[in-house]
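So the structure is just underneath, and the comments pick up after that.
These numbers come from the heavy atoms of this one structure, side chains and all, not from hydrogens, waters or symmetry mates.
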Amino acid sequence: MSQVFIFDTTLRDGEQSPGISLNARQKLEIAEQLARLGVDVIEAGFPITSKGDFEAVKTIAEKVKRPSIAALARAVDVDIDRAWEAIKNAEKPRIHTFIATSDIHIERKLKKTRDEVLKMTEAAVKRAKKYTFDVEFSPEDATRSEFEFLCKVIRVAIENGATVINIPDTVGYALPDEFGKLIKDLKEKMPELNEVILSVHCHNDLGLAVANSLEAIINGANQVECTINGLGERAGNASLEEIVMILDTRYRSLGKKTNIKTEEIMRTSKLVSSLTGYHVQFNKAIVGANAFAHSSGIHTDGMLKDRTTYEIIDPVKIGLTSSKLVLGKTSGRHGFRRRLEDLGYVLSEKEFERAFKRFKDLADKKAQITDDDIEAIVADEIYTLEEIFKLVHFEVVCGSDIKPKATVKIEKNGEIFKEQATGDGPVDAAFNAVNKIVGLKIKLLSFSISAVTGGTEALGESNLQLEVEGLTVSGHGVSTDIIEASLRAYLSALNKVIDKIKK
Ligand code: KIV
Ligand code: ZN
């Protein structure tokens with residue numbers, strides 16, 4: 001079989017990364033982009049975990065067409081019923097149910113016996129099957145499970161109607177040759193696996209998630225579970241863009257195809273990065289800022305003579321074109337609306353007006369506005385959470401011989417609060433002023449600032465992570481002023497805390 005199905009779990013396993021908390025509007029936007037990217041399945045969430053997640057999965061199931069929409073459920077009735085309730089209106093609904101099969105999980109986590117796990121598998125798959133034809137079953141921690149017992153559980157799942165069997169390397173422990181052999185042994189031992197889709201789900205604790213997924217594909221797996229930018233629990237999941245581009249670039253050696261429109265990869269990566277606040281490392285394969293940058297003299301010389309001397313992928317193939325200069329100060333509503341439509345955004349009138357105002361403010365400061373700028377504005381302005389803390393005004397005084405001092409005004413529930421503070425730099429001073437206003441215990445865990453496009457007048461983009469009252473949250477903000485971008489990121493993270501506390 002030459003087809004490999006791409007199951008994207010950015011909105012479920014990816015969202016389990018510490019600090020990520022997407023609202024329903026943000027999740028819908030990512031799901032729509034994943035559909036444009038051409039993924040076969042979107043795992044939209046884990047509906048039993050919260051009302052917010054349930055609503056987001058439901059909205060995606062109702063609105064996003066073409067891919068199957070999967071919802072995760074433990075192997076218990078309440079989870080399965082709730083998952084179905086969320087996805088029942090999808091064009092192609094899939095229930096994904098799981099239970100752990102390693103002794104360490106069965107005994108210490110579930111406090112059950114192997115027999116009970118077998119019974120729960122049977123009951124869960126049967127229950128899910130009453131709702132929908134398409135049922136995926138995962139034996140959690142498969143790579144640390146005893147092989148014979150693993151086969152028994154999988155057999156029970158298939159006998160009761162599972163259409164997809166997913167083998168997770170839950171803790172990212174397997175080595176590529178071991179994982180490949182596991183897939184091969186399962187297929188040899190169980191011919192019934194040829195009648196279902198055989199999937200893999202690899203975590204990246206040892207940096208082997210992509211290598212393990214590839215080895216599984218070589219040995220007969222025909223679905224891969226992965227995430228954009230490799231997001232996911234702990235060290236993350238296998239990265240979608242890496243798997244897809246390996247299969248594409250090495251097609252002649254591997255002979256495997258996917259349905260992914262590779263030209264959408266870069267845009268999807270950027271959208272996920274700005275909405276989650278998880279910055280992509282510069283040297284990340286495929287989507288990192290340096291993935292196509294050549295700096296040494298020998299390399300640039302070779303590139304100028306023939307691109308293929310040092311480039312194995314044409315950057316255009318992943319949608320990395322030099323950002324188009326599209327709009328400017330004189331562009332009006334009509335031009336802006338047209339560009340948004342061309343980029344695939346569907347905004348309500350209210351959202352359009354907010355984006356247009358932000359665009360006009362930017363056009364006053366920056367002569368030429370690119371698609372990258374527009375994408376950054378929309379991500380920052382439209383898909384942010386309802387703002388409890390709103391930045392009204394700030395001033396910073398700093399220089400080589402003075403202690404940086406900031407004044408910040410914030411609106412909260414219609415009331416304006418103003419504070420002043422000093423710090424060891426202008427950003428620190430501004431954050432200290434905010435801290436005085438909000439009165440929460442805040443620790444800055446990470447902070448970065450980068451430019452959305454080139455040039456000194458580029459939009460600055462700030463990503464950060466905070467620990468607030470025991471919660472880890474990420475924030476993202478853009479502005480032509482880097483202090484403002486940092487403050488926006490800081491407040492967006494604080495707004496997430498308030499949102500989480502409310503839930
Ligand atoms: O890592 C894992 O085992 C999972 C399962 C729910 C598939 O995420
Ligand atoms: Zn996982």
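For residues 272-292, the pairs satisfying salt bridge (charged side-chain N to carboxylate O under 4.0 Å, His left out) are Glu241-Lys284, Glu242-Lys284, with sequence neighbours left out. Sorted by first and then second residue, the salt bridge (charged side-chain N to carboxylate O under 4.0 Å, His left out) pairs involving residues 151-172 (not counting sequence neighbours) are Arg155-Glu192. For residues 149-197, the set of pairs meeting the ring-ring contact (aromatic ring centres under 6.0 Å, His included) definition, not counting sequence neighbours, is empty.
A donor-acceptor pair under 3.5 Å is absent between the side-chain atoms of Thr10 and the main chain of Gly14, judged by distance alone. In terms of modelled atom types and a separation under 3.5 Å, the side chain of Glu264 and the main chain of Lys261 share no donor-acceptor contact. With hydrogens and angles disregarded, a donor-acceptor distance shorter than 3.5 Å links the side chain of Thr276 to the backbone of Val272. Under the 3.5 Å distance criterion, the side-chain polar atoms of Lys129 are matched with a main-chain donor or acceptor of Phe133. When atom types are taken as modelled, the side chain of Asp134 and the backbone of Thr163 share no donor-acceptor pair closer than 3.5 angstrom.
Two residues are said to be in side-chain contact when any heavy atoms from C-beta on lie closer than 4.5 Å; Ile20 and Leu231 meet this criterion. The side-chain heavy atoms of His476 and Ser462, taken from C-beta on, include no pair separated by under 4.5 Å. Side-chain contact between Leu22 and Ile30 is present, with at least one heavy-atom pair separated by less than 4.5 Å. Phe137 places none of its side-chain heavy atoms less than 4.5 Å from the side chain of Val164. Side chains of Cys226 and Ser239 form no contact here, defined as non-hydrogen atoms less than 4.5 Å apart. The closest side-chain heavy-atom distance from Ser199 to Ile165 is not below 4.5 Å.
The cationic atom of Arg267 (NZ for Lys, CZ for Arg) lies less than 6.0 Å from the six-membered ring centre of Tyr345 and within 45° of the ring axis. With a 6.0 Å cutoff to the six-membered ring centre and a 45° limit on the axis angle, Arg74 does not count as a cation-pi contact of Phe98.
Atom CZ of Arg250 sits in a sparse spot, with 12 or fewer heavy atoms from other residues, nucleotides or ligands closer than 6.0 Å.
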Checking Ile217 against Leu254 for the side-chain contact (heavy atoms from CB on, under 4.5 Å) test, could you report, in this order, the C-alpha distance in whole Å, the side-chain angles of both residues, the deciding distance, and whether it holds?
CA-CA 9 Å; Ile217 292 171; Leu254 299 166; over 6 Å; no

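Ring geometry for Phe431 against Tyr490 counts as parallel: the plane angle stays under 30°, on a 0 to 90° scale with 60° as the upper cut.
Of the options Glu32, Gln33, Glu91, a side-chain contact (heavy atoms from CB on, under 4.5 Å) to Val64 is made by Glu32 and by none of the others.
Glu43 has no carboxylate O lying under 4.0 Å from a charged side-chain N of Arg94, or vice versa, which leaves the two without a salt bridge.
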